[in-house]
Amino acid sequence: MKRIFSLVLALIFTLACNVSVQLTDVPPSPLPPVEELPAEPPAAAPQAETEAPSVPPTITPLPPTAEPPAANPLVPSGFLVSVGDGEMVNAYNAQGQITGSLQTPGMQMYGSGVVHVAGSAPGGVVNVPVLFQAYDESGLIRMNSGGQVQTLVSDPELGYLVGVLAQPVFAYTTIHWGGDALVSHVYARTIEGGGAGWALERVDAQSYAVQPLAVQASNGQPHGVWYSLMPYGIGGDIVFSPHKGLYYLDLTAGNTENLYLTDNFNPQGFSPDLTWVAYMPADSGFVEGGNVGLTLYNLYSTVSVSIPLRPGSDRGAGYVVFAPENQHVAWMEGSGWMMAETPNFHAKVLIADINGNLLAELEDTRFSHIPASGRVDWVQPVGWLDAETLIVEVRAEDWNDISLARVRFDGSEISLLAQGKFVGFLYP
């Protein structure tokens, strides 16, 4: 039941939207807003298609003079894992050797996906500001910098947090009830920004909260926030984040909102440079008979790649992570139920190239040698250590027994990388 508790708690506070991005050449404005996308998802094809976009040509790309940003040049130099009760993180280099530790007082293990490394770390983790969300009655975003912990945000209505890769920029939400409606406020600021005012207020009578997915920034300043809508306070046998729609809050144009995917679509991951987004049809977490596809969509070229789910993946797909150079992508598919009288849930990790050609299909049993118990209940891709090395989080029957595995892009060389829960990357 600890597994169920963790899923419920993670959805109440954050579903780890652990997306950190950096644009080296931010375009002068985001893509023009989309008026409407189809109510139904692209039909599943026997193999990936790239010739004809599955999203209709009503999407207008940037003008020819606007070049998309180059693929993210930053390759991680290491990573952070949360250990024990969650009030400490260990730092590792890319080879899996521990290089230091950092105190994160008030952070809980089940919510420890909300960590943002707010700068490059050539000299180790103690020399870079690390933001983390502390769960108590106060609602805190704290920062450990040089071993000193300070509070950046204190608000009992604190919701979701996301940061910009290796930059001192982050966004967060506060969520509260206003009469019969749910009220979300979105903030975007720097670690030196003090008590910045909110950039967006959304009042939702259907109890959907705003969840920031990524922040667009350059030179240490926020330019915009990508976000989706999330049913607030839900629980149950949930596998993938039930997002609804994709919006862009343009901070450079008077905090204007642009709609990119309608409520019929559920975004499940961005590429590091924000050129690609992966999505599923909304309400695809309970697929009964038939198959739906995971779609990779390029926001600039409008190229759309549809990848059918594997037979038996009746719980859909999600947790999509792109490699730094956008050449490979990994995701998780699921089948069965965790809360059944006799639980029969199984997860698998899929790896493909950016054209949708499947390179590896890894059942959860392929990772049974990673935990000491030999029993695996959950496998989830959490990020790419480099262009060809994927990190997979492995949970044992005891939900607190968490390990990280390293695997090649072709599914080979599965090996133990570290013990603990993945919470973020370090960059040189």
Side-chain angles (χ1 to χ4, degrees), residues 5-21 79-91 101-119 125 128-145 148-176 184-196 198 209-215 222 225-228 230 232-234 241 243 382-383 393 402 420-426:
F5 170 78
S6 69
L7 291 171
V8 175
L9 183 58
L11 282 164
I12 293 174
F13 292 105
T14 179
L15 266 165
C17 163
N18 212 19
V19 179
S20 295
V21 294
F79 57 96
L80 297 175
V81 299
S82 177
V83 295
D85 58 6
E87 297 204 353
M88 184 178 73
V89 296
N90 287 334
S101 298
L102 197 71
Q103 298 299 316
T104 52
M107 191 175 77
Q108 296 178 3
M109 188 63 161
Y110 291 125
S112 58
V114 187
V115 173
H116 170 49
V117 181
V125 67
V128 59
V130 176
L131 278 62
F132 60 94
Q133 194 165 350
Y135 297 102
D136 60 19
E137 66 279 0
S138 301
L140 303 175
I141 297 176
R142 288 174 168 163
M143 178 175 68
N144 188 325
S145 182
Q148 301 297 313
V149 178
Q150 65 183 89
T151 297
L152 297 181
V153 178
S154 179
D155 194 314
E157 298 169 346
L158 186 65
Y160 306 104
L161 165 69
V162 67
V164 180
L165 180 153
Q167 289 197 41
V169 179
F170 66 102
Y172 66 94
T173 59
T174 59
I175 304 168
H176 70 274
S184 299
H185 286 128
V186 179
Y187 298 77
R189 50 167 287 191
T190 69
I191 61 175
E192 299 88 6
W198 51 266
V210 171
Q211 181 178 0
L213 302 179
V215 186
V225 180
W226 292 94
Y227 69 89
S228 187
M230 177 79 177
Y232 187 67
I234 63 171
S241 309
H243 296 137
V382 292
E393 189 169 279
I402 310 173
K421 176 178 171 57
F422 177 85
V423 294
F425 283 115
L426 298 171

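The shortest distance between side-chain heavy atoms of I141 and T151 does not fall below 4.5 Å. By the 4.5 Å heavy-atom criterion applied to side chains, L158 and L140 are not counted as neighbours. Side chains of L213 and H243 form a contact here, defined as non-hydrogen atoms less than 4.5 Å apart. No side-chain heavy atom of R189 sits under 4.5 Å from any side-chain heavy atom of P222. Inter-residue side-chain proximity for E393 and I402 is flagged as met; some heavy-atom pair is nearer than 4.5 Å. In this structure the side chain of P129 never reaches within 4.5 angstrom of the side chain of N144, judged on heavy atoms. Side-chain contact between F132 and P105: present, with at least one pair of heavy atoms (C-beta onward) separated by less than 4.5 Å.
More than 12 non-hydrogen atoms from other residues, nucleotides or ligands lie less than 6.0 angstrom from CD of E192.
Rounded to the nearest 0.5 Å, atoms CZ (F170) and CG (L161) are 7.0 Å apart. Distance check, rounded to the nearest 0.5 Å: NE2 of H185 to CD1 of I175 gives 11.5 Å. Taking OG of S228 as the start and CD of Q211 as the end, the distance is 7.5 Å to the nearest 0.5 Å. Between L131 atom CG and Q150 atom CD the span is 9.0 Å, to the nearest 0.5 Å. A distance of 8.0 Å separates OG1 in T104 from CG in D85, rounded to the nearest 0.5 Å. Note that the CG atom of L102 and the CE atom of M107 stand 9.0 Å from one another [nearest 0.5 Å].
Y160 and A209 make their closest contact through CE1-CB, 4.4 Å (heavy atoms, listed as atom of the first residue, atom of the second, distance). Between Y227 and P212, the shortest heavy-atom contact is CB-CA, 3.8 Å. For Y187 against W198, the heavy-atom pair with the smallest separation is CE2-N, 3.5 Å. Minimum interatomic distance between S184 and V210 (heavy atoms only, all atoms of both residues): OG-N, 3.1 Å.
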Side chain to side chain contact (heavy atoms under 4.5 Å, CB included) evaluation trace for Y135 with V114: CA-CA 11 Å; Y135 297 102; V114 187; 3.6 Å; yes

Check against side-chain hydrogen bond (donor to acceptor under 3.5 Å, both in side chains), D155 and T174: CA-CA 8 Å; D155 194 314; T174 59; 4.9 Å; no

Criterion side chain to side chain contact (heavy atoms under 4.5 Å, CB included) on Y172 and Q133, from CA distance to verdict: CA-CA 10 Å; Y172 66 94; Q133 194 165 350; over 6 Å; no

I191/M143 under side chain to side chain contact (heavy atoms under 4.5 Å, CB included): CA gap, chis, key distance, verdict: CA-CA 9 Å; I191 61 175; M143 178 175 68; 4.0 Å; yes

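When each of N90, V117, V89, V130 is paired with V423, the side-chain contact (heavy atoms from CB on, under 4.5 Å) condition holds for V89 and for no other.
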